[in-house]
Amino acid sequence: MHGEYKVPGGKLVVVDLDVADGVLRGVRVAGDFFLEPDEALLDINRALEGAPADLTAPQLAARIDASLPEGTVMFGFSSEAVGIAVRRALANATDWHYYDWQLIHDGPQPPALHMALDEVLTAEVAAGRRPPTLRVWEWESPAVVIGSFQSLRNEVDLEAAGRHGMTVVRRISGGGAMFVEPRSTITYSLCVPDSLVQGLSFADSYAYLDDWVLGALGNMGVKAWYQPLNDIATEAGKIAGAAQKRVVSGDGAVLHHVTMAYDIDADKMTEVLRIGKEKLSDKGTKSAKKRVDPLRRQTGLPRAEVIDRMIGSFRSRYGCSDGAVTEEEMNRAQELARTKFSSPEWTARVP
């Protein structure tokens, strides 16, 4: 069995192993990480040899930590990263390079249609009828997008949203509200097979699926990191938030979408969103206006160039061919946009 795990912002860990009588055998750990002393690699292998195959990644990490000599330095990886690589090997997880990725980057579309496309394309990936897909959104109009489980009236000032011409829609994933203006927002979705995140905890999958974005931002001079559970942050503040939805039909799939602030009208945002004191205290700030620091100021680049560089970074890592939404997919999405995502019953399903 073979498992790989690229540590977000770090190095690649590779594990090859067998299982016999319910325990790990022939464990061989490798990677492009740094480790001192050299002999510690043998200690890691010995710690995993004979371990029960049903141990979790943290339990495997504890065995490794207990075996390492004092003063061991692990740079670019950790004992838990090794444990995750083991779990991915045991789960027959796939790697990014296993797939022929497809890019969809169409013209501006209505908010409800974006919600529907996410649902339809992820279901198609789960059914095996569509390859893993990166979809970059373009917004036709301003919107507030609330999470699947958020209370509509607690999150949005509907009068203010209407005054500013903002459509309010509810997405299928959890998480918090998104404040969207077409020229000020960068949004993308990843629709991926469940096998890509096998062996990862729910929390680890967030950082894993956005590691390429951290690299792309770094290439634009923005030092960014993943802030659990679902934020991308810099020293200047939060720049993006992610959300996920798991599809269990077919072979399973994961929808992972991210909204990034290229620019933002903070005054308008605080008029439209009801950002509670509890949320602000959790983020360690007193003002909602200080929670988001737009990419326009941090990169000095036009929005279109930021998007082009992000796509270029993804292509250079994993390869990606240009694609399109099929006619059948679009027909289904348009129907869902009309009957579900534009309906008061769905939007106010949590009043």
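Since we're looking at a predicted model, the values are computed, not measured.
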**Q** Can you establish whether the number of heavy atoms outside K6 located under 6.0 Å from its atom NZ is more than 12?
**A**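 Check passes, neighbour count above 12.
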**Q** Mind checking the CD-CE spacing from E271 to M166? Nearest 0.5 Å is all I need.
**A**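 Here the rounded value is 10.5 Å.
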**Q** Give me the atom names and distance for the closest heavy-atom approach of D194 to D251.
**A**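 D194 and D251 have their closest heavy atoms at CB-O, 3.9 Å.
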**Q** With a 4.5 Å cut-off on side-chain heavy atoms, are R25 and V23 touching?
**A**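 Yes - at least one pair of side-chain heavy atoms lies under 4.5 Å apart.
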**Q** Minimum heavy-atom separation for Y226 to A242, with atom names?
**A**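 Heavy-atom minimum between the residues: OH-CB, 3.2 Å.
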**Q** Taking atom CG of N219 as the centre, does the number of heavy atoms from other residues, nucleotides or ligands within less than 6.0 Å exceed 12?
**A**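 Check passes, neighbour count above 12.
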**Q** E327: what forms a side chain to side chain contact (heavy atoms under 4.5 Å, CB included) with it, not counting sequence neighbours?
**A**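 In terms of side chain to side chain contact (heavy atoms under 4.5 Å, CB included), with neighbours along the sequence ignored, E327 is linked to N331.
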**Q** With side chain to side chain contact (heavy atoms under 4.5 Å, CB included) as the test, would you mind laying out the steps for V258 and N230 before giving the verdict?
**A** CA-CA 9 Å; V258 173; N230 61 334; over 6 Å; no
**Q** Checking one residue: V14. Which other hydrophobic residues are in its cluster under the side-chain 4.5 Å linking rule?
**A**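 Noted: V14 shares its cluster with L12.
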**Q** Run the salt bridge (Lys or Arg N to Asp or Glu O under 4.0 Å) test on D231 and K238 for me, step by step, so that the C-alpha distance in whole Å, both residues' side-chain angles and the decisive distance to 0.1 Å come before the verdict.
**A** CA-CA 7 Å; D231 289 347; K238 172 183 171 179; 3.4 Å; yes
**Q** Checking R246 now: which residues fulfil side chain to side chain donor-acceptor pair (under 3.5 Å) with it, not counting sequence neighbours?
**A**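 Side chain to side chain donor-acceptor pair (under 3.5 Å) check on R246 returns S205, Q244.
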**Q** First locate atom CG of L60, then atom CG of L55, and finally report the distance between them rounded to the nearest 0.5 Å.
**A**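 Going from the CG atom of L60 to the CG atom of L55 covers 5.0 Å.
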**Q** So do the side chains of E119 and V247 get within less than 4.5 Å of each other, counting heavy atoms only?
**A**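 No, every pair of side-chain atoms sits at 4.5 Å or beyond.
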**Q** How long is the straight-line distance from OG of S195 back to OH of Y98, given to the nearest 0.5 Å?
**A**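 Result: 7.5 Å between the selected atoms.
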**Q** Between R296 and S184, is any pair of side-chain heavy atoms under 4.5 Å apart?
**A**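 Not touching, per the 4.5 Å side-chain cut-off.
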**Q** Among residues two or more places apart or on two chains, list those pairs meeting side chain to side chain donor-acceptor pair (under 3.5 Å) that have a residue in residues 122-131.
**A**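 Qualifying pairs: Q102-R130, E124-R129, E124-R332, R130-T133, R130-E329.
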**Q** How far apart are the closest heavy atoms of A143 and P111, and which atoms are they?
**A**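 For A143 and P111, the tightest heavy-atom pair comes out as CB-CG, 3.7 Å.
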**Q** Residues two or more places apart in sequence or in another chain: which of them pass side chain to side chain donor-acceptor pair (under 3.5 Å) with S79?
**A**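 With sequence neighbours excluded, S79 shows a side chain to side chain donor-acceptor pair (under 3.5 Å) to D65, given in chain and number order.
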**Q** If the condition is salt bridge (Lys or Arg N to Asp or Glu O under 4.0 Å), which residues does R28 pass it with, not counting sequence neighbours?
**A**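 R28 satisfies salt bridge (Lys or Arg N to Asp or Glu O under 4.0 Å) with no residue once adjacent residues are dropped.
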**Q** If I take atom CG from residue L103 and atom OG from residue S321, how far apart are they, to the nearest 0.5 angstrom?
**A**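 Nearest 0.5 Å value for the CG-OG distance: 8.0 Å.
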**Q** Less than 4.0 angstrom from a charged side-chain N to a carboxylate O is my criterion; do R303 and D263 meet it?
**A**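 Salt bridge: no.
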**Q** Do you know which two heavy atoms are closest between A207 and P8, and how far apart they sit?
**A**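 Closest pair (atom of A207, atom of P8, distance): CB-CG, 3.6 Å.
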**Q** Is it the case that S173 and H257 place a side-chain donor and acceptor less than 3.5 Å from each other?
**A**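 Per modelled atom types, S173 and H257 side chains form a pair under 3.5 Å.
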**Q** For a quick check under 3.5 Å, do Q198 and N92 share a side-chain donor-acceptor pair by atom type?
**A**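 Not at all, the side chains of Q198 and N92 share no donor-acceptor pair under 3.5 Å.
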**Q** Treating S316 as the side-chain partner and S313 as the backbone partner, does any N or O pair qualify as donor plus acceptor under 3.5 Å?
**A**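 Yes, S316 side chain to S313 backbone: donor-acceptor pair under 3.5 Å.
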**Q** Give a yes or no on whether the backbone of G199 and the side-chain of R87 come within a donor-acceptor separation of less than 3.5 Å.
**A**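 Side chain of R87 to backbone of G199: no pair is present.
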**Q** Using modelled atom types only, decide if a donor and an acceptor are shared between the side chain of E138 and the backbone of H105 within a distance under 3.5 Å.
**A**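 Looks like no, no N/O pair under 3.5 Å.
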**Q** Quick one, L196 and Y208 - any side-chain contact, counting heavy atoms below 4.5 Å?
**A**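 Side-chain contact under 4.5 Å: yes.
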**Q** Are the side chains of L295 and L217 in contact, using a 4.5 Å heavy-atom criterion?
**A**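 L217 reaches L295 side chain to side chain.
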**Q** For H97, is there any backbone N or O sitting under 3.5 Å from a side-chain donor or acceptor partner on D95?
**A**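 Yes, because the side chain of D95 sits within donor-acceptor range (under 3.5 Å) of the backbone of H97.
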**Q** Would you mind reporting whether P193 and P132 have side-chain heavy atoms less than 4.5 Å apart?
**A**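 Yes, at least one pair of side-chain atoms sits under 4.5 Å.
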**Q** So, R88 side chain and E4 main chain: donor-acceptor pair closer than 3.5 Å or not?
**A**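 Flag set: sc R88 to bb E4 pair under 3.5 Å.
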**Q** Would you give the length of the straight line joining atom CD1 of I84 to atom OG of S201, rounded to the nearest 0.5 angstrom?
**A**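 Answer rounded to 0.5 Å: 6.5 Å.
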**Q** What do you reckon, is CD of Q59 surrounded by more than 12 foreign heavy atoms closer than 6.0 Å?
**A**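 Yes, enclosed.
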**Q** Kindly indicate, with the supporting measurements, whether the criterion side chain to side chain contact (heavy atoms under 4.5 Å, CB included) is fulfilled by D43 and I64.
**A** CA-CA 8 Å; D43 293 317; I64 294 170; over 6 Å; no
**Q** Other than L121, which residues form its hydrophobic cluster under the rule that side-chain heavy atoms must be closer than 4.5 Å?
**A**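 I104, L113, L117, V325, M330, listed by chain and number.
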**Q** Could you go through the side chain to side chain contact (heavy atoms under 4.5 Å, CB included) check for V272 and H164 one step at a time?
**A** CA-CA 8 Å; V272 173; H164 291 294; 3.9 Å; yes
**Q** Using the ring pair (Phe, Tyr, Trp, His ring centres under 6.0 Å) criterion, which residues pair with F314? Sequence neighbours excluded.
**A**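 Partners of F314 under the ring pair (Phe, Tyr, Trp, His ring centres under 6.0 Å) test: W101, W212, Y318.
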**Q** Without swapping roles, check the side chain of R170 against the backbone of V350 for a donor-acceptor pair under 3.5 Å.
**A**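 Looks like yes, one N/O pair under 3.5 Å.
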**Q** Has the side chain of D157 got a donor or acceptor atom that lies under 3.5 Å from a matching backbone atom of A160?
**A**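 Looks like yes, one N/O pair under 3.5 Å.
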**Q** With sequence neighbours left out, what residues match E159 under salt bridge (Lys or Arg N to Asp or Glu O under 4.0 Å)?
**A**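 If we apply the salt bridge (Lys or Arg N to Asp or Glu O under 4.0 Å) test to E159, skipping adjacent residues, the hits are R163.
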**Q** What I want to check is whether the side chains of E140 and Q109 have a donor and an acceptor closer together than 3.5 Å.
**A**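 E140 vs Q109: no donor-acceptor pair found between side chains.
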**Q** Restricting to pairs with a member in residues 172-186, which pass salt bridge (charged side-chain N to carboxylate O under 4.0 Å, His left out), not counting sequence neighbours?
**A**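 Passing the test, one end in residues 172-186: E181-K268.
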**Q** Return the set of residues passing ring pair (Phe, Tyr, Trp, His ring centres under 6.0 Å) with Y262 (not counting sequence neighbours), or none when no residue passes.
**A**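 Checked Y262 against ring pair (Phe, Tyr, Trp, His ring centres under 6.0 Å); zero matches.
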**Q** Is W225 linked to L229 within one hydrophobic cluster, defined over Ile, Leu, Val, Met, Phe, Trp and Tyr using a side-chain heavy-atom separation of less than 4.5 Å?
**A**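 Shared cluster, no.
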**Q** Report yes if the side chains of R153 and L158 come closer than 4.5 Å at any heavy-atom pair, otherwise no.
**A**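 A side-chain contact is absent here, since even the closest heavy-atom pair is not under 4.5 Å.
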**Q** Would you check if the side chain of T339 reaches a backbone N or O of E335 as a donor-acceptor pair within less than 3.5 Å?
**A**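 Present.
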**Q** Working to the nearest 0.5 Å, report the span between CD1 of I239 and CE of M260.
**A**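 Output value for this atom pair is 4.5 Å.
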**Q** Minimum heavy-atom separation for F77 and V13, please, with both atom names.
**A**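 Minimum heavy-atom separation between F77 and V13: CB-CG2, 3.8 Å.
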**Q** Could you check whether E305 pairs with R309 (Lys NZ or Arg NE/NH1/NH2 to Asp/Glu carboxylate O, under 4.0 Å)?
**A**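 A salt bridge links E305 with R309.
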**Q** Using a 3.5 Å distance criterion without hydrogens, assess whether the side chain of T347 forms a donor-acceptor pair with backbone atoms of P344.
**A**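 Here the side-chain-to-backbone pair does not exist.
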**Q** Could you check whether any side-chain N or O of T299 sits under 3.5 Å from a backbone N or O of M220, counting only pairs where one atom can act as donor and the other as acceptor?
**A**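 No, because the side chain of T299 does not come within donor-acceptor range (under 3.5 Å) of the backbone of M220.
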**Q** So which atom in P131 and which in V125 form the shortest heavy-atom distance, rounded to 0.1 Å?
**A**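 Scanning both residues, the minimum pair turns out to be O-CG2, 3.6 Å.
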**Q** Checking one residue: V120. Which other hydrophobic residues are in its cluster under the side-chain 4.5 Å linking rule?
**A**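 Once heavy-atom contacts under 4.5 Å are chained together, V120 belongs with M115, W137, W139, V145, V169, I172, M178, V180, L255, L336, F341, W346.
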**Q** Is it possible for you to say whether L42 and L35 belong to one hydrophobic cluster, with membership spreading through side-chain heavy-atom contacts below 4.5 Å?
**A**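 No, separate clusters.
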**Q** Got P58 and E80 here, is their nearest side-chain heavy-atom distance under 4.5 Å?
**A**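 They are in side-chain contact.
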**Q** Less than 4.0 angstrom from a charged side-chain N to a carboxylate O is my criterion; do R135 and D106 meet it?
**A**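 Salt bridge flag = no for D106 with R135.
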